[in-house]
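Each chain gets a letter, A, B and so on, in the order its sequence line appears, and its residues count up from 1. None of the values given here were measured: they were computed from a predicted structure.
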Amino acid sequence: MINAVLVFNNNGQPRLTKFYTQLDTAVQQRLISEIFTLVSARPASSCNFLPLPPLLAPANTSASTAHNDAPSLVTYRHYATLYFIMISTSTESPLGLLDLIQVFVEALDRLFENVCELDLIFNFETLHAVLGEMIVGGVVVETGLETVVAGVKSQGRVAKRPVNEGRGGGLAQGIWAGR
Amino acid sequence: MFEKDIAQLIRGLRAHKGNEREYIQEALKECRKEVKGQDMDQKAAALLKLVYLEMFGHDMSWASFNVLEVMSSQKYLQKRVGYLAAVQSFRPDTEVLMLAENLLKKDLKSADKATMTLPLTTIPHVINPSMANSLLIDLLPRLAHSDPRIRKKTIVTLYRLALVYPETLRPAWPKIKDRLLDDNEDPSVTAAIINVICELGWRRPQDFLPLAPRLFELLTIGGNNWMAIKIIKLFSILIPLEPRLVKKLVPPLTTLIKTTPAMSLLYECINGIIQGGIMETAEGSSESDDIARLCVKKLRAMLVVEGDPNLRYVALLAFAKITTSHADLVSQHQDVILECIDDADISIRTRALDLVVGMVNANNIQTVVERLLRQLRTSGKATASDEPVNDRGIHDGIIPMADEDEHEAMTTIRPKEPKSTQAPPLPDDYRVSVIERILDMCSKDTYASMNDFEWYIGVLLELVKQCPTIMSTSNPGNAIGLELLNVAVRVKAVRLEATTAAQSLLMLDSRLQLFPASTSGGHGVLASAAFIAGEYADMLTDPDAILTSLLHSSSSALPPDVLASYLQTIPKIFVRLAGDQLATWDSSRQSYVILLTARIVHFLEPLTLHPNLEVQERAVEYLDLMRLASEAASNHQTGTESDVPLLLSQAIPTLFSGSELNPVAQAAIRKVPQPEELDIDTPINGDLNMILSQADYDTDYADDDNEVYRMYHEKPTAALAKSQRTAAELLEPRDNSRASSYQDASSGELDLEAVERKKIERRERYKDDPYYIDSDRLSGTSTPMHNILRSANGEELDVDAIPVMELNLDSRDTASDPERARIAKPARKPKRQFEIAADETLGADEPPASLPNQASKLSLARGKKSLLEVDSSGLSALSLAESTDSRNGGTALDYERRRAEEEEMAKAMKEVERLRLEMQRAQERIQPQDADEDGTVVRRKKKKKARVEALSDQPPPDDTVAADEATVKKKKKKKRQEDESQPKEEQSQDVIEDIAPIKTKRKKKRQVVFDEDDAAE
């Protein structure tokens, strides 16, 4: 199952945090910063799987074998200014998770039309809603782009980013920029 | 009042670059006020802001009650905010959770699908066992909802329910199974069910075997790669239980591998084949060879494919899984795998490293190790600034907000890239793990794949140089040192080389070169090197130089464990240099020895005050020994005729010589048989308490019969007759003229016979007392172990007579007989030209895991949950297979019973409420004058109702409620009468609706008071 979904930008500022287990706020922050430290040090050419951050590393390596409940996989994707991270157990497929992140981002793009970080900052509720259509309680419930978008739209109008925001281009640049 | 919505908050944050902290504190203060206000819109907006700030680490657990209020809002958008806040901020210790239960139940029954979805997606985050029990009833009907979106979310929610409350599956599983078997079910619901089963599957695979036909059908229909991946994962769990599945699965999987355009599915097919053990179960048949070859071919292709590091990564993962069974198959692809060791990406490198360890054999070990060594050599050691930890001040926590300029952000990250692709400095932990892997590979199965130990010693020396400079938690130096020691002890043929290697490590000039920093991680190797140099001092080519290095003043600054080892080595080398028996004792030799002792004394003296106890003790002991030696040397007459002083030629050498040190198996000591007559339980002296109490008062020691007195006050008199002399004593080189003379000395004109008799008596008495030191025996043999062994074996066999105990691990038949095993000739495994001594042990070899401390550590690790882990161990106790048929009735019964219980409970609550009201009324009648108290009671009830109304028929604007309240206040007395006449049902119904929120009552009352104030204004 998926244990956590995180989105943060190039500076480590979180844009979405979703933990499928109840975790202390302080611990959440530590985990985010650990993962950010790992992920930000990686060149663009490296693969999209991270070693387990110190907080998640099994205490005893010999005991961790065949222990499927513990998270064992940290998958990430980098889009323009944002990192999308999924922490999961061994029951998820690593390549499948990469595709799942892609679906997530594509769904956001459909909802916001050329989505950028600003959209996600100002509409983080929608971000949660999209995720809620795809993953419930750590289990993937929907992978179809259309269904996800329709599900979110059925909950109400999706607001656009404020018009005057995003001057200077930086953040308003589409999330697909540079890909 | 100034208030802002979430967008304004974010904009404000972006505008306050530099002083976000103050801004956030201000915003939190505002939110605190707003969230407690009455305006629901404002409350929700404030809550959303809090949720946003929570993302940055600002705790909002204090607002949990307000979260609950917003959750109960009638407006969907507000409700959504409330539910989101609950998901994000509720923790296991959140107290209001039990109050949320009724709300969740209510919303689950909502007619609005969007509203119904909210509790469905929230429950997984907040569920606890008691809540699961009561929510189950409301969740089950949702499985049959017309909207597939609701159905699939319900299924997942039920799964999370089952994790905390396994009983959930009894009623839920049959329904979920029906959904799965239904061909007309929405495909996305089917996929969700497969996902859930995949999670459940590995806990209780046997329960899901009956589903195999349906799963197979879904797999062959195809169309949904996501689902196919999960089905294959499921099958890989089921195959070990049902080998017949292999035949059925191979054709579709082969087709999929050959035809699918989706890389993820292709990979999972291969992975499933590996994990399910298809390659093993079908071994021998041409079909399995085909599929194994196909898999490996595809994996190889994934490794060499250009530009996709992800495929390389997962291919290495898959390869690593094959190594356990098909190491040879993997090592055929050594070329591409070794390429990955030099990959720029550390994740891929680490995987490749893992894989390589499993892959090595006698033929490729040198290639692999050389390759790793080259990597260590060529990539410079990481400097402190390269450490990601020091790189950015990220561990100070996330500095809240204000988006920095995008281009700035780019510049901080980009410069790292060229550096890491050009000459990637290896991070220390990676460096350490490479070193550890090399050691693991080489020493695997007691050097099974090692056929050139001279080369290996060279590798070890090289590794010492490659130890990271920064002291990390794990110290590879120790491990390298232990390996060197291991080789020196086990492989006699290269002992000379190992000693030379140790010597080169210990030399002062090389030490400065190898370990420039005083904190170098390689220092650990010195302890073992010193031990080797001391133990095999005869093989040292230049003992003088070594001693000089050891005695150098800089040695005192070494870590205590190294220093302790040094201290033990110094006298051993001293013996080598000074203890030569044959050389003549002339004046030059005398002065040489005196000089040596003087240098050693000079080195040891300051160490007697060393803070480390071990170092201190050894320093003190050897200091005195050296002083004695010095004295002996200077007092001994020189000349061509005279011998070397006995202390130098005999006494001190015997401290360090004796039987050779051999490797002993970890569990050997526990297998020493316990003699039958050894009784540890009976007290040595039954009257101990009495004696002790007597000793308190008794100051008269005249009583000679007193055992205790005798034990403590009578000097043990030595015996002349050696009636019990052990064979070992006879065998030992008779240099104990000294020792025997000590014994003889005490024998005076005492009545020898009486003394002897007494001694025998005493020996009989204390023979099993491990703490009793028998003056008869030499100290070396007076250990209880010796005693025990002797009494167990009888007199004809004396353990000490057996010069060296060496056992063969492989000879299990002889091992069953401990006695024969102990005598067994040292059997060695011939390995090329090298003999590798195996561990010595008694009896059959036991897995070291059975050691109690390891076992406890293991269980400890099990007990400690990983941070994000959702424990599903509860599920393993519940059998689903049983519940499908025979228990079906029971299930229904269970379910029915629970429902009946709930009804009964509701009835009981009604009854309680009725009685309470009656009592209240009775009280009113008795004390009509105490209006105030009554008023409170009545008002509370009334208020609550008003509140519920306010919550339930939202649009009613607050002012009407307030007005309502106002009227309540005005017509208090009238109300009381009304109350009395009010129909009971309505009241009790009211109460039932809020069974749980007993605690809320007070809060709500307070709010109502606010209402009144508002109204008063």
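Looking only at distances, no side-chain donor or acceptor of A:Thr17 sits under 3.5 Å from a matching main-chain atom of B:Met55. The backbone N or O of A:Cys47 sits nowhere less than 3.5 Å from a side-chain atom of B:Asn310 that would complete a donor-acceptor pair. When atom types are taken as modelled, the side chain of B:Arg160 and the backbone of A:Tyr20 share a donor-acceptor pair closer than 3.5 angstrom.
The shortest heavy-atom contact between B:Glu199 and A:Thr91 is OE2-OG1, 2.9 Å. Across all non-hydrogen atoms, the minimal contact from A:Gly132 to B:Thr121 is O-CG2, 4.2 Å. The two residues A:Arg15 and B:Phe56 have their closest heavy-atom pair at NH1-CZ, 3.9 Å. Across A:Thr147 and B:Lys152, no two heavy atoms sit closer than the pair CG2-NZ, 4.5 Å. The shortest non-hydrogen separation linking B:Val51 to A:Phe124 is CG1-CE1, 3.9 Å. Residues B:Trp226 and A:Leu100 come closest through the heavy atom pair CH2-N, 3.4 Å.
Side-chain contact check for A:Leu95 versus B:Ile229: every heavy-atom pair is 4.5 Å or farther apart. Using a 4.5 Å cut-off on side-chain heavy atoms (C-beta onward), B:Ile346 and A:Arg42 make contact. Counting heavy atoms from C-beta outward, A:Phe122 and B:Arg11 have side chains that approach closer than 4.5 Å. Looking only at side-chain heavy atoms (C-beta outward), B:Arg14 and A:Leu118 come within less than 4.5 Å of each other. At a threshold of 4.5 Å between non-hydrogen side-chain atoms, the residues A:Val136 and B:Leu120 do not count as touching.
The CZ atom of B:Arg351 lies 10.5 Å from the CZ atom of A:Phe49; values are rounded to the nearest 0.5 Å. From B:Ser347, atom OG reaches atom CG of A:Leu50 across 6.0 Å, with rounding to the nearest 0.5 Å. How far OG of A:Ser93 is from OH of B:Tyr267: 7.5 Å, rounded to the nearest 0.5 Å. A distance of 10.5 Å separates OG of A:Ser46 from CZ of B:Arg312, quoted to the nearest 0.5 Å. Between atom CD of residue A:Gln155 and atom OG1 of residue B:Thr115 there is a gap of 10.0 Å, rounded to the nearest 0.5 Å. To the nearest 0.5 angstrom, B:Tyr313 atom OH is 8.0 Å from A:Thr75 atom OG1.
Annotation: salt bridge (charged side-chain N to carboxylate O under 4.0 Å, His left out) contacts involving residues 80-96 of chain A, sequence neighbours excluded, comprise A:Glu92-B:Lys230. For residues 128-140 of chain A, every residue pair satisfying the salt bridge (charged side-chain N to carboxylate O under 4.0 Å, His left out) rule, not counting sequence neighbours, is listed here: A:Glu133-B:Arg149, A:Glu133-B:Lys153.
For B:Glu268, the part lying near chain A is the side chain, with the backbone staying farther off; criterion is any non-hydrogen pair under 4.5 Å. Only the side chain of B:Lys233 comes within less than 4.5 Å of a heavy atom of chain A; its backbone N, CA, C and O stay farther away. Residue B:Thr350: no heavy atom, backbone or side chain, is found under 4.5 Å from chain A. Interface remark: A:Val103 contributes side-chain atoms only to the contact with chain B (heavy atom separation under 4.5 Å). Proximity to chain A is absent for every atom of B:Val189, based on heavy atoms less than 4.5 angstrom apart.
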Worksheet item: Between A:Gln22 and B:Val126, is a side-chain contact (heavy atoms from CB on, under 4.5 Å) present by the stated rule, with each step listed?
Response: CA-CA 8 Å; A:Gln22 295 182 335; B:Val126 300; 4.1 Å; yes

Discussion item. For a side-chain contact (heavy atoms from CB on, under 4.5 Å) check, start with the C-alpha distance between A:Met1 and B:Tyr159, then their side-chain angles and the critical distance, and finish with the verdict.
Written reply: CA-CA 11 Å; A:Met1 65 177 284; B:Tyr159 160 67; 4.2 Å; yes

Fill in: Residues B:Arg91, A:Leu23; criterion side-chain contact (heavy atoms from CB on, under 4.5 Å); working and verdict
CA-CA 7 Å; B:Arg91 305 283 177 261; A:Leu23 216 58; 5.7 Å; no

Practice prompt. Run the numbers on A:His128 and B:Arg80 for side-chain contact (heavy atoms from CB on, under 4.5 Å), then give the verdict.
Written response: CA-CA 10 Å; A:His128 278 286; B:Arg80 192 169 79 169; over 6 Å; no

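Heavy-atom pairs under 4.5 Å with chain A were tallied for B:Leu311, B:Leu9, B:Thr122, B:Leu48; the largest tally goes to B:Leu48. When each of B:Asp59, B:Leu84, B:Asn224, B:Ile123 is scored by its heavy-atom pairs under 4.5 Å with chain A, the top score falls to B:Leu84.
Of the candidates A:Ile135, A:Val141, A:Val140, A:Val141 is the only one forming a side-chain contact (heavy atoms from CB on, under 4.5 Å) with B:Val156.
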